[in-house]
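Have a look at the structure below, then the notes.
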Amino acid sequence: MVRFSNNVIGILNFLTFLLSIPIVVAGVWLSKQGSTECERWLEKPVIALGVFLMLVSLAGLVGACCRVSWLLWLYLLVMFLLIVLLFAFTIFAFVVTNKGAGKAVSGRGYKEYRLGDYSNWLQKRVNNTNTWNRIRSCLKSGKLCSDFNSRFLNDTVNQFYAENLSALQSGCCKPSEECHFTYENPTTWTKSANATYTNPDCNAWSNDPSVLCFDCQSCKAGLLQNLKTDWKKVAVVNIIFLIFLIIVYSIGCCAFRNNRSDNWK
């Protein structure tokens, strides 16, 4: 008679196998339909995740239900490594996102962001030219600043200054307050004649919709602020998932012990 733990592992892995199918399909769909670099970049990780879940769930399903001890042992090994990696990633996410926050600007509804406030590891990632070129392409294809311009186009200067902008909007779609440019509309600002700027973002700014402040340090900082917020949420989800994996791993160990006991009889 199949033991309870074997049943539970079998059911969980069957459900995981079913989940892996739409993930693989979504990855294949992205590879065929993806029109932007961001979508094409996602296809390989999505397919890899789907195939990984499919193989691991099959190993667990066959190992638990068909009493194949070596497959169940392989399944438990992968689960153990996954638990260790997930734990390490969660700690890493908390460490690298611990630094950095937006600075309140007097008389403004939004905050501004400085790249130097964030962890050195994150700064190195966005300062890499190839990495930032891909990120900038994604921000442009996502219509970040064109939507920003459409939304606030009819704002007067005082209305615009009172808006609660996102970190990316503040960093990438408008110049820094230190530049003291004159507001025309959300993405058009007039530079002072013959002015010299200590902030390099002021020289990097352009009213060209394809340029704006996408090469500014503030844009990179805005991205890191978004990343920091998202990683904090992911880390919380990871903790919950980690507890679930430990429970499944414990049940899997019971199923493996059951298999070994039956083989000895």
Side-chain angles (χ1 to χ4, degrees), residues 1-31 39 41-100 118-122 125 224-265:
M1 183 176 180
V2 178
R3 307 282 180 91
F4 173 74
S5 55
N6 293 67
N7 271 333
V8 173
I9 290 297
I11 292 170
L12 288 174
N13 282 285
F14 178 70
L15 294 175
T16 304
F17 178 77
L18 292 179
L19 175 66
S20 69
I21 296 173
I23 293 176
V24 172
V25 171
V28 174
W29 181 84
L30 281 174
S31 68
E39 292 171 338
W41 179 83
L42 280 174
E43 70 188 50
K44 291 180 181 178
V46 169
I47 292 175
L49 175 63
V51 172
F52 172 77
L53 288 176
M54 187 176 290
L55 294 176
V56 172
S57 60
L58 279 175
L61 182 63
V62 175
C65 296
C66 300
R67 304 304 184 89
V68 182
S69 294
W70 71 269
L71 268 180
L72 195 54
W73 179 87
L74 181 63
Y75 168 77
L76 290 174
L77 176 63
V78 173
M79 288 289 287
F80 176 76
L81 293 175
L82 186 59
I83 289 171
V84 172
L85 289 173
L86 193 59
F87 178 77
F89 173 77
T90 302
I91 298 299
F92 175 75
F94 274 116
V95 170
V96 299
T97 59
N98 190 45
K99 294 176 61 179
Y118 295 87
S119 72
N120 291 332
W121 188 87
L122 288 175
R125 302 288 83 74
L224 294 186
Q225 179 62 30
N226 259 28
L227 188 64
K228 175 182 176 178
T229 303
D230 291 342
W231 273 26
K232 292 289 187 183
K233 295 175 183 176
V234 169
V236 172
V237 174
N238 280 351
I239 292 173
I240 297 171
F241 187 50
L242 192 58
I243 294 171
F244 172 75
L245 283 181
I246 292 172
I247 293 172
V248 173
Y249 179 77
S250 300
I251 298 173
C253 288
C254 293
F256 181 71
R257 186 178 60 189
N258 291 341
N259 284 6
R260 294 287 297 272
S261 298
D262 290 343
N263 289 338
W264 289 341
K265 289 179 180 179

Can you give each donor-acceptor pair under 3.5 Å made by side-chain atoms of residues 70-77, sequence neighbours left out, with the distance rounded to 0.1 Å?
{"residue": "Tyr75", "atom": "OH", "partner": "Asn13", "partner atom": "ND2", "Å": "3.4"}

query = Who are the side chain to side chain contact (heavy atoms under 4.5 Å, CB included) partners of Leu245, not counting sequence neighbours?
reply =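 Residues passing side chain to side chain contact (heavy atoms under 4.5 Å, CB included) with Leu245: Met79, Leu82, Ile83, Leu86, Phe241.
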key: Sidechain-backbone polar pair: Ser119 side chain, Val96 backbone, donor-acceptor under 3.5 Å   =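 Yes, Ser119 side chain to Val96 backbone: donor-acceptor pair under 3.5 Å.
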Drop me the distance from [X]'s [atom1] to [Y]'s [atom2], to the nearest 0.5 angstrom.
X	Y	atom1	atom2	result
Asn7	Leu12	CG	CG	10.5 Å
Leu224	Asp230	CG	CG	11.5 Å
Cys253	Ile9	SG	CD1	9.0 Å

How about [X] and [Y]: do any of their side-chain heavy atoms sit closer than 4.5 Å?
X	Y	answer
Trp231	Phe92	yes
Phe89	Leu85	no
Tyr118	Leu227	no

inquiry  = Name the residue from Val236, Val237, Thr229 that meets the side-chain contact (heavy atoms from CB on, under 4.5 Å) definition with Lys233.
reply    =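 Checked Val236, Val237, Thr229 against Lys233; only one passes side-chain contact (heavy atoms from CB on, under 4.5 Å): Thr229.
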query = Which heavy-atom pair separates Lys228 from Lys99 by the least distance, and what is that distance?
reply =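 Reported closest heavy-atom pair: NZ-O, 3.8 Å.
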Tabulate below the donor-acceptor pairs under 3.5 Å that side-chain atoms of residues 50-65 make, not counting sequence neighbours, or state none.
{"residue": "Ser57", "atom": "OG", "partner": "Leu53", "partner atom": "O", "Å": "2.7"}
{"residue": "Ser57", "atom": "OG", "partner": "Met54", "partner atom": "O", "Å": "2.9"}

task = Report the relative orientation of the aromatic rings in Tyr249 and Phe80; use parallel for angles under 30°, tilted for 30 to 60°, perpendicular for over 60°.
result =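 Ring orientation of Tyr249 relative to Phe80: tilted.
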